[in-house]
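Working notes for the structure below.
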Amino acid sequence: MRLYLVRHPRPDLPSGTCYGRSDVAVPPEQQALVLQALISVLPRGAPLYSSPLLRCSGLASELANALDCGAAIPDPRLAEMDFGSWEMRAWNDIKREEIDAWVKDLVDYRPGGGESVLDMARRVRAFHDEMQQRRHHHAIVICHAGTIRLLLACQRGLPLADMALHAGRTAHKIDYGEVMIIDC
């Protein structure tokens with residue numbers, strides 16, 4: 001099975017804002033640009049799964065129509081990490097000691113009292129394992145950079161904690177609207 005992993009369009013937020021589970025909008029012009037770019041590279045008629053967050057679900061709905069995929073399938077396991085009290089704050093406003101504590105324990109620390117990378121890895125792996133069982137020829141997944149990093153880590157066959165650590169240590173280099181392909 002081939003999974004087409006698509007990061008959502010750029011949300012309408014100031015640069016340097018911590019946002020994970022927060023439901024933020026995407027400017028219509030950003031959505032239109034990403035939609036047009038994706039239509040020519042994604043398979044038609046493939047099942048389309050999406051994070052339920054607005055920045056993903058809006059694009060997923062439009063893509064599903066444009067690519068004759070049927071209705072987009074929302075899946076909460078694809079949502080971005082919950083940063084708790086850090087959500088919607090400038091990264092520069094978060095206490096250095098808190099960020100350092102997270103860096104020291106990337107797997108189990110809960111930034112802002114939210115979700116740990118291990119918690120997120122559990123739900124993302126459950127989605128990945130289910131996709132392998134469904135055995136689609138192709139599937140499209142509209143989600144977030146953190147989710148994509150964990151799905152890529154799933155491909156390495158690592159134990160769950162190692163998968164979370166690998167994803168947590170991987171530099172973030174996934175552009176808005178970028179497509180990454182993995183073969184399961």
When you group the ILVMFWY residues by side-chain heavy-atom contacts below 4.5 Å and let the links chain together, are [Y] and [X] in the same group?
X: L165; Y: W102; result: yes
X: L78; Y: V179; result: no
X: M180; Y: L42; result: no
X: I142; Y: L5; result: no
X: F83; Y: M88; result: no

Rounded to the nearest 0.5 Å, what separates atom [atom1] in [X] from atom [atom2] in [Y]?
X: I140; Y: L38; atom1: CD1; atom2: CG; answer: 8.5 Å
X: L63; Y: D68; atom1: CG; atom2: CG; answer: 11.5 Å
X: R149; Y: I174; atom1: CZ; atom2: CD1; answer: 6.5 Å
X: I181; Y: L3; atom1: CD1; atom2: CG; answer: 10.0 Å
X: Q132; Y: C154; atom1: CD; atom2: SG; answer: 8.0 Å

What I'd like to find out is whether the side chain of [X] reaches to under 4.5 Å of the side chain of [Y], using heavy atoms alone.
X: L53; Y: H144; value: yes
X: Y4; Y: V41; value: no
X: M120; Y: T147; value: yes
X: C18; Y: I94; value: yes
X: M163; Y: R156; value: no
X: H128; Y: C184; value: yes
X: R122; Y: L160; value: yes
X: W86; Y: I99; value: yes

Going by atom type alone, with no hydrogens or angles, which donor-acceptor pairs under 3.5 Å involve a side-chain atom of residues 23-34 and a protein atom two or more places apart or on another chain?
unit_1: D23; atom_1: OD1; unit_2: L54; atom_2: N; d: 2.5
unit_1: Q31; atom_1: NE2; unit_2: G58; atom_2: O; d: 3.1
unit_1: Q31; atom_1: NE2; unit_2: E62; atom_2: OE2; d: 3.2

Looking at [X] and [Y], what are the two nearest heavy atoms and their distance?
X: C56; Y: H8; value: SG-CB, 3.8 Å
X: L150; Y: A167; value: CD2-CB, 3.4 Å
X: A72; Y: P74; value: O-CD, 3.3 Å
X: A71; Y: A64; value: C-CB, 4.5 Å

**Request:** Quick one: do E80 and R55 satisfy salt bridge (charged side-chain N to carboxylate O under 4.0 Å, His left out)? Show the steps, please.
**Result:** CA-CA 11 Å; E80 186 58 278; R55 59 191 183 268; 5.5 Å; no
Sequence neighbours excluded, which residues qualify as salt bridge (Lys or Arg N to Asp or Glu O under 4.0 Å) partners of [X]?
X: D100; value: R96
X: D162; value: none
X: D82; value: none
X: D183; value: R2

[X] (side chain) donor-acceptor with [Y] (main chain) under 3.5 angstrom:
X: D105; Y: D108; answer: yes
X: R7; Y: E178; answer: no
X: E87; Y: G20; answer: yes
X: S61; Y: S57; answer: no
X: R44; Y: A66; answer: yes

Tabulate below the donor-acceptor pairs under 3.5 Å that side-chain atoms of residues 9-16 make, not counting sequence neighbours, or state none.
none

**Asked** Under the side-chain contact (heavy atoms from CB on, under 4.5 Å) criterion, do V117 and M81 qualify, and how do the steps go?
**Response** CA-CA 7 Å; V117 177; M81 194 165 113; 3.9 Å; yes
**Message:** Taking side chain to side chain contact (heavy atoms under 4.5 Å, CB included) as the criterion, tell me which of L152, V141, I148 meets it with I182.
**Reply:**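 Of L152, V141, I148, side chain to side chain contact (heavy atoms under 4.5 Å, CB included) with I182 is met by L152 alone.
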**Message:** Between R21 and E115 (salt bridge meaning N to carboxylate O under 4.0 Å), is one present in this structure?
**Reply:** yes
**Item:** Worked check of side-chain contact (heavy atoms from CB on, under 4.5 Å) between Y49 and H136
**Value:** CA-CA 12 Å; Y49 297 86; H136 300 301; 2.8 Å; yes
